[in-house]
Amino acid sequence: KGLGEFFYQNKIDYRGLVRFPYSDKDVELAGEIGVQDRALVPLGGGKDSLVTAGILQEKGIDFDAYTLGTHPIIDSQIKCMNRKHFTVKRTLDKSLFDLPEALNGHVPISMIYAFTALLGGYKYIVLSNERSSNYGNTEYLGEEVNHQWSKSLEFEKMFNKYVRKFVAKDVYYFSLLRPMYEIKIAEKFATMERHLNMFTSCNRNFKITEEAPEKWCRKCAKCAFVFAILAPFVEKEKLVTAFGGNLFAGAELLEVYEELLGVSKMKPFDCVGTPEEVRKAMEMARSKYEDDVIIKRFVELNLPPVETDLFSISNEHIIPDGF
């Protein structure tokens with residue numbers, strides 16, 4: 001499932017293809033390994049992990065920060081939090097990029113974050129994965145394809161079960177934001193005004209083969225989604241300044257926003273929320289951006305009102321007591 005998007009994009013029939021070797025013999029099950037009774041928060045540079053850190057600070061729960069590699073934006077966040085920083089460096093073989101027959105595609109990076117975070121020896125690994133990541137993009141050969149599967153509750157439960165059986169009984173891996181949709185997290189993030197100019201969710205910042213933009217490329221689905229989801233809660237001038245432009249103003253992102261709204265093709269292969277959330281955000285921000293191209297198109301579409309309570313807190317999670 002973590003490679004579902006990779007199979008879909010490269011038109012690979014995965015059925016019966018992957019056969020990992022394994023043994024049916026009894027294995028020595030995990031015991032307690034004496035981990036630090038502290039929380040470790042993986043930071044990805046975006047708003048969600050900043051919200052997790054903010055909630056833990058509000059609750060008076062001490063934590064350290066974890067990153068897979070380093071990045072100036074994340075470094076500035078850690079400096080602001082004044083937290084101990086644990087990091088793992090990941091290196092790819094350069095010859096991989098020279099292989100003409102190599103297939104390119106989605107890497108379930110959250111899974112890599114999960115396994116490498118174990119190396120820190122912390123009791124609690126506190127993720128920032130939202131309720132929206134449980135929803136897939138399309139179907140392929142009878143299976144749901146979800147760009148965010150390694151951020152889903154299904155993965156979280158499987159990983160937790162595996163770790164506590166084979167690695168360490170005294171490690172808890174969970175997402176503090178699991179009960180919330182992205183739009184609810186955005187509402188919370190908007191109250192943390194000092195972080196508005198110190199985050200980015202644009203994946204082009206973290207691509208190995210591309211030069212990083214100045215925080216936001218303002219061209220991709222992720223930029224478009226985050227701008228939309230924050231629009232109801234952040235003053236227009238402040239949001240436009242933070243992004244370096246008004247993403248609702250021009251027609252360049254029209255097709256992307258139609259995909260995000262669920263009216264064309266499918267939900268983009270990116271870490272974005274559900275079409276209902278985008279519709280709700282545009283409904284709420286409509287008066288502030290009524291003269292902009294994207295909102296005018298949204299009004300033209302005359303989509304039915306969103307009936308789901310996107311601000312409710314779900315009880316579907318595995319958050320331990322005390323958090």
Side-chain angles (χ1 to χ4, degrees), residues 1-22 42 44-46 67-71 74 87-119 127 129-130 132-159 162 200-213 216-226 253 255-256 258-260 262 264-274:
K1 289 188 176 183
L3 291 174
E5 181 180 336
F6 177 80
F7 295 140
Y8 173 85
Q9 296 280 37
N10 291 290
K11 301 295 178 278
I12 296 170
D13 188 343
Y14 59 83
R15 295 170 294 188
L17 177 66
V18 181
R19 300 178 185 275
F20 291 113
Y22 67 94
T67 58
L68 187 60
T70 58
H71 192 281
I74 304 175
T87 184
V88 169
K89 186 177 180 181
R90 183 172 73 113
T91 307
L92 299 184
D93 190 325
K94 290 178 182 177
S95 60
L96 182 67
F97 301 101
D98 298 326
L99 292 173
E101 71 277 17
L103 296 174
N104 202 359
H106 176 61
V107 176
I109 192 69
S110 301
M111 197 181 297
I112 298 172
Y113 254 92
F115 277 100
T116 52
L118 293 174
L119 298 170
L127 277 294
N129 300 327
E130 71 289 344
S132 318
S133 63
N134 296 326
Y135 299 87
N137 301 75
T138 187
E139 197 174 279
Y140 181 57
L141 300 178
E143 284 283 349
E144 182 184 64
V145 176
N146 182 359
H147 173 83
Q148 302 188 84
W149 184 77
S150 60
K151 292 172 68 176
S152 70
L153 181 59
E154 182 181 30
F155 169 78
E156 194 174 304
K157 287 179 176 179
M158 289 173 70
F159 182 79
Y162 177 85
T200 182
S201 303
C202 180
N203 293 321
R204 293 188 184 181
N205 282 285
F206 308 102
K207 283 193 175 181
I208 296 167
T209 56
E210 287 186 22
E211 190 176 332
W216 306 95
C217 74
R218 297 182 293 278
K219 298 174 184 176
C220 69
K222 192 67 180 288
C223 285
F225 172 74
V226 177
L253 288 169
E255 189 175 325
V256 173
E258 287 182 351
E259 290 175 9
L260 288 169
S264 68
K265 296 182 183 178
M266 60 183 175
K267 191 174 86 166
F269 279 129
D270 216 325
C271 293
V272 297
T274 63

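Keep in mind that the numbers below use all heavy atoms, side chains included, and drop hydrogens, waters and symmetry copies.
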Lys NZ or Arg CZ of K157 over F159 ring: under 6.0 Å, within 45°: no

CZ-OH distance between F6 and Y14, expressed to the nearest 0.5 angstrom: 14.5 Å

Name each donor-acceptor pair under 3.5 Å that joins a side chain in residues 266-274 to protein atoms two or more places apart or in another chain, with its distance.
unit_1, atom_1, unit_2, atom_2, d
K267, NZ, Y135, O, 3.1
D270, OD1, N203, ND2, 2.9
T274, OG1, E277, N, 3.4
T274, OG1, E277, OE2, 3.1

Min side-chain heavy-atom separation V145-F7 under 4.5 Å: no

From SG (C217) to NZ (K222), nearest 0.5 Å: 11.0 Å

N129 vs F155 side-chain heavy atoms within contact, under 4.5 Å: no

For V256 against A224, the heavy-atom pair lying closest together: CG1-CB, 3.9 Å

Residues, nucleotides or ligands: over 12 heavy atoms within 6.0 Å of K89 NZ: no

Neighbour count >12 (heavy atoms, 6.0 Å) for atom CD, E144: yes

Gap separating the CH2 atom of W216 from the OG atom of S201, nearest 0.5 angstrom: 4.0 Å

Separation of W149 CH2 from L3 CG (nearest 0.5 Å): 9.5 Å

Over all atoms of both residues, closest heavy-atom pair of P42 and L127: CG-CD1, 4.2 Å

If you look only at distance, which donor and acceptor atoms sit under 3.5 Å apart when one is on a side chain in residues 106-115 and the other is two or more places apart or in another chain?
unit_1, atom_1, unit_2, atom_2, d
H106, NE2, H147, O, 3.1
Y113, OH, L43, O, 3.2

Any donor-acceptor N/O pair, T116 side chain to V88 backbone, under 3.5 Å: no

Spacing of CG belonging to N137 relative to OH belonging to Y8, to within rounding of 0.5 Å: 9.0 Å

Nearest non-hydrogen partners of L260 and A221, listed with the distance: CD1-O, 4.0 Å

Any donor-acceptor N/O pair, T87 side chain to L68 backbone, under 3.5 Å: no

With sequence neighbours excluded, residues passing side chain to side chain donor-acceptor pair (under 3.5 Å) with S152: none

Approximate separation, where rounding is to 0.5 Å, of N10 CG and E5 CD: 10.0 Å

